[in-house]
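Scroll down for the structure; my scribbles are underneath it.
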Amino acid sequence: MRVFKFGGASVKDAEAVRNVVRVLQEVGHEDTLVVISAMGKTTNAMEKVVAAYFNDKPSITSSIQEVVEYHENILSDLFESKDHRVYARVRLLFEEVKGFLAWNKSPKYAFVYDQVVGYGELVSTTIISEYLNKVGIPNVWQDVRNLIKTDNNYRDAAVNWERTQNEISTKVDMSKLNITQGFLGSDDNNFTTTLGREGSDYTAAILAYCLNADSVTIWKDVPGVLNADPRNFKETQLLHKISYREAIELAFYGASVIHPKTLQPLQRKEIPLHVKSFVNPKGEGTTVCKGVGISPEIPCFIVKKDQVLLKLSSLDFSFIVENNISEIFKLFHDHRMKVDLIQNSAISFSVCLDNKFNGLQPMLNELEKRFKVVCHEDVSLYTIRHFDDKAVKTLQNGRSVLVEQRGKETVQLVVK
């Protein structure tokens, strides 16, 4: 059996939903489980609802209404009759959002975030499941929260693999086409959890692992895994094959095509991952599988924007050694700061961080009590795998390089 994953861009409007049907008709949908993300930019829109709940309650209604109208436009294009049951199903999901925001007493942002934002996936899969039924492709709609069980680390939950395996084994009938959501799970109290942004790829890998799938295919708006993101680099080239190890390296450094967690369960069972274009389903695409390196072996460019570069030095010119570094990393952990690059000397320590949980300012307040701190915000971290001199010079040209670090296969530049 196979697991397919369609992201937000592949279901952004009614025509995109019709294209998903065309893809399934062209490549087949027997013995297939399909994981689907929220439509278009719905996750961002739902994040605005959460922000309104905490900062501007009078605007909650209008924030939700924007999301409702976006999906109603898609519904009206796909379903001629307003009496179709899909309208009631979608309406009920949005009423659940409103109900939660009305009765919730928790002041914790991460908890509220997970209970609200995940409705984007629930709505999208409801619409697509009903449309597939309408065009003659029967399917089973699965609530992934009943399948993937996690801890309660909201916004970045860890999978309980034993419970998840048990749930999937008993609830998924692979003789039928199954439609389910990416990104979501649930904890021991059945509250919704999320697996981190872009977690739908990870969802596909979890399900594939537990179902012993033959393959996972991620359908994208690009022809496969490219050696650079075409949104940030002008000239890109398709990578035909990538080993698990190389793909994990690329994901670790921030390659956006593959989620960092996705590859680990696939590698354990040697399940190949295909990255293909939903515009050209029969195209070659990229295969991630057991093997060596990448083909072709060319420089691969990765950029992480909106990073923070901290340069710490001791107040009394003493060495920054193990005990200092352990204190610093505890602060990173406590404030949920992800470390992307480290460079240190005898009396200084530089680190490039991802501030996705907005823990920077309270952390700086604590660091400044013990160190001299220089903070550069809004920097970009460029990584080149399999670099050559030409590739490095291309990135250095006209940019202010704050930190450069080289290894045998990888060079990283922090630039302003």
Side-chain angles (χ1 to χ4, degrees), residues 1-12 16-17 19-21 23-24 27-40 42-43 117-132 137 139-150 157 159 161 164-165 167-169 171-174 176-186 192-221 256-266 269 271-278 281 285 288:
M1 56 81 57
R2 304 171 298 176
V3 175
F4 287 173
K5 180 261 176 174
F6 290 92
S10 63
V11 292
K12 64 182 179 180
V17 173
N19 187 64
V20 168
V21 174
V23 171
L24 293 176
V27 302
H29 48 76
E30 296 78 14
D31 302 323
T32 302
L33 186 151
V34 181
V35 175
I36 300 174
S37 300
M39 291 175 156
T42 298
T43 298
V117 170
Y119 276 91
E121 279 73 15
L122 295 169
V123 171
S124 71
T125 51
T126 297
I127 293 172
I128 292 166
S129 173
E130 291 286 6
Y131 185 68
L132 287 168
I137 302 178
N139 64 93
V140 177
W141 183 88
Q142 295 273 6
D143 188 334
V144 78
R145 297 174 297 180
N146 296 330
L147 304 178
I148 296 180
K149 307 303 290 186
T150 72
V159 176
W161 286 95
T164 297
Q165 179 71 72
E167 297 293 345
I168 291 172
S169 298
K171 293 177 180 175
V172 178
D173 179 357
M174 284 313 303
K176 300 176 181 177
L177 173 63
N178 289 266
I179 306 296
T180 196
Q181 308 78 37
F183 186 45
L184 308 180
S186 67
T192 304
T193 57
T194 61
L195 305 175
R197 286 300 299 265
E198 310 302 330
S200 293
D201 291 358
Y202 187 36
T203 302
I206 295 166
L207 294 166
Y209 178 90
C210 293
L211 291 166
N212 294 311
D214 296 318
S215 66
V216 172
T217 302
I218 297 175
W219 297 96
K220 306 282 289 185
D221 56 357
S256 60
V257 176
I258 305 171
H259 190 277
K261 298 178 185 175
T262 300
L263 297 160
Q264 293 160 353
L266 299 180
K269 289 192 175 180
I271 299 171
L273 169 68
H274 306 294
V275 181
K276 306 190 75 173
S277 168
F278 57 72
V288 181

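Atoms considered below: every heavy atom in the structure, side chains included; atoms not considered: hydrogens, waters and symmetry mates. Predicted, not measured: the structure shown is a model, and the values here were computed from it.
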Practice problem: List the steps, then state whether side chain to side chain contact (heavy atoms under 4.5 Å, CB included) holds for Ile128 with Met39. | Solution: CA-CA 10 Å; Ile128 292 166; Met39 291 175 156; 4.2 Å; yes
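- The shortest side-chain heavy-atom distance between His29 and Ile137 falls under the 4.5 Å cut-off.
- Nearest heavy-atom pair, Glu121 versus Gly182, reported as atom, atom and distance to 0.1 Å: CG-O, 3.3 Å.
- Side chain of Thr262 to main chain of Tyr202: a donor-acceptor pair is present (N/O by atom type, distance under 3.5 Å, no hydrogens or angles).
- For Gln181 against Val144, the heavy-atom pair with the smallest separation is OE1-N, 2.7 Å.
- A 4.5 Å side-chain heavy-atom check between Trp161 and Pro265 finds at least one atom pair inside the cut-off.
- Ala9 approaches Asp221 most closely through the heavy-atom pair CB-OD2, 4.2 Å.
- Between Phe278 and Val20 the shortest side-chain heavy-atom distance does not fall below 4.5 Å.
- Within the 4.5 Å cutoff, the side chain of Glu167 has no heavy atoms near those of the Val172 side chain.
- Neither side chain, Trp219 nor Ser277, offers a donor N or O lying under 3.5 Å from an acceptor on the other.
- Scanning both residues, Val288 and Leu263, for their nearest heavy atoms gives CG1-CD2, 3.9 Å.
- Here the side chains of Tyr119 and Thr192 are not in contact, with every heavy-atom distance at 4.5 Å or above.
- Side-chain contact check for Val140 versus Ile179: every heavy-atom pair is 4.5 Å or farther apart.
- At a threshold of 4.0 Å, the pair Asp31-Arg2 does not count as salt-bridged, since none of the basic side-chain nitrogens sits closer than that to a carboxylate oxygen.
- With Thr180 contributing its side chain and Gln142 its backbone, the two residues share a donor-acceptor pair below 3.5 Å.
- Taking the side chain as every heavy atom from C-beta outward, Lys5 and Asp201 approach each other to under 4.5 Å.
- At distances below 3.5 Å, not a single donor-acceptor pair connects side-chain atoms of Lys176 with backbone N or O atoms of Asn139.
- Between the side chain of Asn19 and the backbone N or O of Ser10, no donor-acceptor pair lies under 3.5 Å.
- Within the model, atoms CD1 of Ile36 and OG1 of Thr125 stand 6.5 Å from one another, a figure rounded to the nearest 0.5 Å.
- With Ser186 contributing its side chain and Arg145 its backbone, the two residues share a donor-acceptor pair below 3.5 Å.
- We find the CG-CG distance between Leu177 and Leu33 to be 8.0 Å, quoted to the nearest 0.5 Å.
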Self-check item: Residues Val35, Phe4; criterion side chain to side chain contact (heavy atoms under 4.5 Å, CB included); working and verdict
Solution: CA-CA 6 Å; Val35 175; Phe4 287 173; over 6 Å; no
Self-check item: Steps toward side chain to side chain donor-acceptor pair (under 3.5 Å) verdict (Thr126, Glu130)
Solution: CA-CA 6 Å; Thr126 297; Glu130 291 286 6; over 6 Å; no
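- Exactly one of Ile168, Leu184, Asn178, Thr203 qualifies for a side-chain contact (heavy atoms from CB on, under 4.5 Å) with Leu147. That residue is Ile168.
- Going from atom NZ of Lys220 over to atom CD1 of Ile258 covers 9.0 Å, rounded to the nearest 0.5 Å.
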Which atom pairs, donor and acceptor, lie under 3.5 Å between side-chain atoms of residues 205-218 and protein residues at least two apart or in another chain?
unit_1	atom_1	unit_2	atom_2	d
Asn212	OD1	Lys269	NZ	2.6
Asp214	OD2	Met1	N	2.7

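- When all heavy atoms are compared, the tightest approach of Thr43 to Ala38 is OG1-CB, 3.8 Å.
- Here the closest non-hydrogen pair linking Gly7 and Ser37 is CA-OG, 3.5 Å.
- With a 4.5 Å cut-off on side-chain heavy atoms, Tyr131 and Val21 count as touching.
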